Amino acid sequence: MKKGFVFVSILIVLVFALHAEGSSESGAGDDYKLVLKLSHVFSPAEQLTKSMDLVAQRVLEKTNGAIEIQTFPQAQLPAYKEGVEQVVRGANFISVEDPSFIGDYVPDFKALYAPMLYRSFDEYVELTQKPIVEEMKAKAEEQGIKILALTYIYGFRNLITDKVIETPADLDGMKIRTPGSKSYIDTLSAMGAIATPLPWGETLSAVQQGVVDGLEGSEFTNIGTKVYEGPTKNVANTRHILGTCGVYISTEVWDSIPEEYRTIIAEEFAFGANEMTNLLKEQHSGVVSELEGFGVKFNEVDGDAFREALAPLYEEQPGMTPGVFQSIFSELDSMR
Ligand code: X3X
């Protein structure tokens, strides 16, 4: 009897020891759970929203429920500059915004998001894999911002107005809505417009009420948020900015997550970005045809005139790494 009791006791101790060893190796006990709130401004019909939901679902499954990413579209939670501020404050929060909003912390990201740099999605994707961008990401981490992705591309942004625009002079006196970051305001001002920053949620009503004369955005924004239903039926193919979003989380929060889960989260956001970019490349011509079916008219523009107007924006701004634009230009030249 006594020997049996001792044997069972040793067995129980061994089982607990193995269990504890197993969890300490993985660093994540079975009871580990983290809820992250993910915020962006896109509408339910837009691919970015669908992609974020897909990533959240995959992460939940692959971490067996340990990492729950709750997604909040249409600026239901802090977005734009305020969303990035939540990350910097160390909240359990993921901000999905374009890199110009990181430019407030690392000015080099304003160079990465400068106008008329990229001729294709692929050029930008390739550039983000170069050492120059890795260095930018390292600087962001020094500011408390871990960048999980930079390539949730939602299309080249064009001018969307109620009249045909071909040259910067055509924009004279026109109020064009932009997001609130300085990169957009400087870009549309240099193009000849009166840049009028507004949150996306106020944009379509501002167009309807004549508060602004137009906006700028991609065909995917146009179709996804039904811009085409309003008075702005002309799209001038300036392709002035490549609309793309990054995914940002606090470095403090990131470092607190067990490594096995960090690997899954990083892999799924990277996979989701590649998946979305490839999808939109395939869909673009069909979306243009769909918009034309709704009465939208596309026109080419005097690209040289707009490039000349935008030239001053390639001068280094305070805080930028000396030569950052030259480095970007030479990397892009090497791809062409
Ligand atoms: O920070 C993310 C983008 O800059 C948002 O751009 P915005 O405010 O023109 O919104 C794009 C739309 O597609 C949102 O539905």
Side-chain angles (χ1 to χ4, degrees), residues 38-53 71-87 93-105 109-110 112-115 118 124 140 145 147-161 175-188 191 193 195-207 212 214-230 232 235 238-248 273 276-277 279-280 283-284 287 291:
L38 182 147
S39 172
H40 62 81
V41 300
F42 291 74
S43 68
E46 293 180 273
Q47 185 55 46
L48 184 132
T49 303
K50 297 171 186 171
S51 293
M52 289 300 141
D53 292 348
T71 59
F72 295 85
Q74 295 182 300
Q76 294 170 41
L77 294 184
Y80 297 121
K81 178 182 173 67
E82 290 73 23
V84 177
E85 284 171 357
Q86 288 292 312
V87 166
F93 192 92
I94 295 175
S95 166
V96 180
E97 302 293 349
D98 72 59
S100 74
F101 289 96
I102 304 300
D104 295 339
Y105 300 88
F109 280 96
K110 293 179 187 176
L112 183 69
Y113 208 63
Y118 310 108
Y124 172 72
I145 302 167
I147 297 178
L148 297 178
L150 281 170
T151 54
Y152 278 86
I153 299 172
Y154 59 92
F156 281 100
R157 298 176 74 108
N158 294 312
L159 292 169
I160 307 174
T161 55
K175 290 175 286 186
I176 301 294
R177 177 271 175 186
T178 74
S181 80
K182 191 172 181 299
S183 294
Y184 286 100
I185 295 166
D186 290 350
T187 297
L188 271 294
M191 289 170 74
T196 309
L198 285 171
W200 181 264
E202 298 172 20
T203 298
L204 298 189
S205 55
V207 170
V212 293
L215 62 153
E216 45 85 50
S218 75
E219 283 70 78
F220 297 101
T221 292
N222 202 329
I223 201 84
T225 63
K226 298 188 175 177
V227 175
Y228 61 83
E229 287 184 341
T232 53
V235 174
T238 50
R239 294 157 59 98
H240 54 276
I241 283 179
L242 177 62
T244 183
C245 281
V247 179
Y248 318 114
M276 175 171 159
T277 299
L279 204 54
L280 267 56
Q283 290 177 351
H284 185 251
V287 167
L291 287 168

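Keep in mind the model is a prediction, meaning the values are calculated, not measured. Read the numbers this way: they start at 1 and go in the same order the structure lists the ligands and their atoms. Computed over heavy atoms, backbone and side chain alike; hydrogens, waters and symmetry mates excluded. Quick note: residue numbers are just sequence positions, from 1.
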Donor-acceptor side-chain pairing of E46 and S43 below 3.5 angstrom:
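Yes, side-chain donor-acceptor contact under 3.5 Å.
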Check residues 197-205 and write down every donor-acceptor pair under 3.5 Å in which the side-chain atom is one partner and the other belongs to a residue at least two apart or another chain.
| residue | atom | partner | partner atom | Å |
| --- | --- | --- | --- | --- |
| T203 | OG1 | R177 | NE | 2.9 |
| T203 | OG1 | P199 | O | 3.0 |
| T203 | OG1 | W200 | O | 3.2 |
| S205 | OG | E202 | O | 3.0 |

Taking salt bridge (Lys or Arg N to Asp or Glu O under 4.0 Å) as the test, write out the residues that go with K182, two or more places apart.
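So K182 forms a salt bridge (Lys or Arg N to Asp or Glu O under 4.0 Å) with D186.
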Classify the ring geometry of F42 against Y154: parallel below 30°, tilted from 30° to 60°, perpendicular beyond 60°.
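Perpendicular: the ring planes of F42 and Y154 meet at over 60°.
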Are the side chains of T71 and T49 in touch, meaning some heavy atoms are under 4.5 Å apart?
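Not touching, per the 4.5 Å side-chain cut-off.
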Partners of D98 by side chain to side chain donor-acceptor pair (under 3.5 Å), sequence neighbours excluded?
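Checked D98 against side chain to side chain donor-acceptor pair (under 3.5 Å); matches are S100, Y184.
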Listing by chain and number, which residues have a heavy atom under 4.0 Å from ligand 1?
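The answer is V41, F42, S43, E46, Y80, E97, D98, F101, Y154, R157, R177, P179, Y184, W200, T221, T225, C245, counting any residue whose heavy atom sits under 4.0 Å from ligand 1.
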